[in-house]
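Notes to accompany the following structure.
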Amino acid sequence: MSRRKGRILAFQALYSWDVSNESLDSILSFSWLQKDSDLNKDDSSELSVSVKDEQTFASFIINGTVSHIDEVDSLITSHLASNWSKDRLNKVTLAILRVSVYEIIFQKEAMPSIIIDEAVSIAKDYGPDDSYKFINAVLDNIGKDANKTISENKN
């Protein structure tokens, strides 16, 4: 299973959820994927099993992010420069940040550095020019704060 593809699906779905009036259930059906894309080939193929795994992983991230959207957005806002607000963020950038912050804070099975690297890579492919630098800085600070909190709680 490709977690990167699952993260891409999750960010795309969160973007769609944020900019459209689509219900979360409708978005989670993944009917918005192109019928002829590589993600939807013959059901009996190995690829199809992988796609189902990617959609399951994406659904997990999407549901978790939406369930914790206030906490996730609060963390993003608190790590923006003082002259920035969440409303100024490009919607693609915001979706990538939301997916990544949810994973860093609430999902402990992946290391924050891996999540950040994937977010940067996704931003390079899908985000506006140089958004990957902004995303890297915000997530790095959130990751450091999360690690500091974990260390303090252990002591």
Side-chain angles (χ1 to χ4, degrees), residues 1-80 86-143 146-147:
M1 171 176 76
S2 168
R3 290 197 176 245
R4 183 175 195 279
K5 288 181 182 176
R7 288 181 177 108
I8 291 169
L9 289 175
F11 116 75
Q12 290 173 332
L14 281 172
Y15 170 84
S16 181
W17 175 75
D18 194 31
V19 300
S20 73
N21 290 322
E22 290 286 327
S23 70
L24 190 57
D25 288 337
S26 174
I27 290 168
L28 288 172
S29 74
F30 296 102
S31 61
W32 46 271
L33 291 175
Q34 292 180 1
K35 300 284 187 228
D36 60 346
S37 78
D38 286 343
L39 295 174
N40 289 311
K41 288 190 176 170
D42 179 19
D43 281 344
S44 64
S45 74
E46 199 174 298
L47 178 61
S48 182
V49 172
S50 175
V51 169
K52 287 178 179 40
D53 288 344
E54 290 158 2
Q55 289 176 349
T56 300
F57 179 64
S59 295
F60 178 75
I61 295 171
I62 295 160
N63 279 316
T65 304
V66 171
S67 295
H68 296 281
I69 197 73
D70 291 335
E71 295 161 274
V72 167
D73 283 353
S74 177
L75 274 169
I76 292 169
T77 300
S78 70
H79 287 84
L80 297 176
K86 182 178 68 76
D87 297 332
R88 282 186 63 191
L89 295 178
N90 171 283
K91 295 294 187 183
V92 170
T93 300
L94 180 59
I96 294 169
L97 284 170
R98 283 175 164 168
V99 167
S100 304
V101 168
Y102 169 74
E103 277 198 274
I104 289 169
I105 300 303
F106 295 100
Q107 299 305 310
K108 303 302 182 190
E109 55 272 352
M111 293 179 56
S113 61
I114 293 170
I115 296 165
I116 294 167
D117 286 347
E118 289 212 358
V120 167
S121 180
I122 292 168
K124 285 179 180 178
D125 291 342
Y126 296 93
D129 293 342
D130 292 340
S131 66
Y132 69 92
K133 294 176 184 176
F134 175 81
I135 287 171
N136 185 56
V138 171
L139 293 177
D140 187 51
N141 287 330
I142 291 172
N147 285 337

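Looking at heavy atoms from C-beta onward, V138 lies out of side-chain contact with V101 at the 4.5 angstrom threshold. At a threshold of 4.5 Å between non-hydrogen side-chain atoms, the residues I105 and I142 count as touching.
Listed for the T56 side chain is a donor-acceptor partner under 3.5 Å among the backbone atoms of K52. With hydrogens and angles ignored, the 3.5 Å screen pairs no side-chain donor or acceptor of S16 with any backbone N or O of Q12.
Taking each heavy atom of V66 and W17 in turn, the nearest pair found is CG1-CZ2, 4.0 Å. Residue A123 comes nearest to I96 through the heavy atom pair CA-CD1, 3.8 Å, listed as atom of the first residue, atom of the second, then distance.
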| task | Before giving the answer on side chain to side chain contact (heavy atoms under 4.5 Å, CB included), spell out for L9 and F57 the whole-Å C-alpha distance, their side-chain angles and the decisive distance to 0.1 Å. | result | CA-CA 9 Å; L9 289 175; F57 179 64; over 6 Å; no
| request: Determine, step by step, whether L139 and I115 satisfy the side chain to side chain contact (heavy atoms under 4.5 Å, CB included) criterion, reporting the C-alpha distance in whole Å, the side-chain angles of both residues, the deciding distance to 0.1 Å, and the verdict. | output: CA-CA 9 Å; L139 293 177; I115 296 165; 5.6 Å; no
| Taking it one step at a time, do L14 and L94 satisfy side chain to side chain contact (heavy atoms under 4.5 Å, CB included)? | CA-CA 9 Å; L14 281 172; L94 180 59; over 6 Å; no
| request: Could you walk me through whether F30 and S59 pass side chain to side chain contact (heavy atoms under 4.5 Å, CB included), step by step? | output: CA-CA 9 Å; F30 296 102; S59 295; 3.3 Å; yes
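Screening residues 122-134 for side-chain hydrogen bond (donor to acceptor under 3.5 Å, both in side chains), with sequence neighbours left out, gives R4-D125. Here salt bridge (charged side-chain N to carboxylate O under 4.0 Å, His left out) pairs that include residues 94-104, with residues two or more places apart or in two chains, are R7-E103, D18-R98, D73-R98.
Rounded to the nearest 0.5 angstrom, S113 OG and I104 CD1 are separated by 9.5 Å. With rounding to the nearest 0.5 Å, the separation of CD1 in I76 from CG in L89 is 7.5 Å. Here the straight-line distance linking atom CG of D117 with atom OG of S100 works out to 10.5 Å at 0.5 Å rounding. One distance of note links CG of L75 with CG of L80; it measures 10.5 Å at 0.5 Å rounding. Atom-to-atom distance recorded for I61:CD1 and Q107:CD is 8.0 Å, nearest 0.5 angstrom. For the atom pair CZ of F11 and NZ of K91, the computed distance is 14.0 Å after rounding to the nearest 0.5 Å.
Partners of D140 under the side-chain hydrogen bond (donor to acceptor under 3.5 Å, both in side chains) rule, at least two apart in sequence or in another chain, are K144. For A13, the side chain to side chain contact (heavy atoms under 4.5 Å, CB included) partners two or more places apart in sequence, or in a different chain, are I27, W32, I62. Shown here are the side chain to side chain contact (heavy atoms under 4.5 Å, CB included) partners of N136, two or more places apart in sequence or in another chain: I116, V120. Contacts of N90 classified as side chain to side chain contact (heavy atoms under 4.5 Å, CB included), with partners at least two apart in sequence or in another chain: V92, T93, P128. Applying the side-chain hydrogen bond (donor to acceptor under 3.5 Å, both in side chains) criterion to S26, with sequence neighbours excluded, gives E22. When the ring pair (Phe, Tyr, Trp, His ring centres under 6.0 Å) test is applied to F60, no partner is found at least two apart in sequence or on another chain. For T77, the side-chain hydrogen bond (donor to acceptor under 3.5 Å, both in side chains) criterion is met by no residue, not counting sequence neighbours.
Under a cut-off of 6.0 angstrom, the local environment of OH in Y15 is sparse, with at most 12 non-hydrogen atoms contributed by other residues, nucleotides or ligands.
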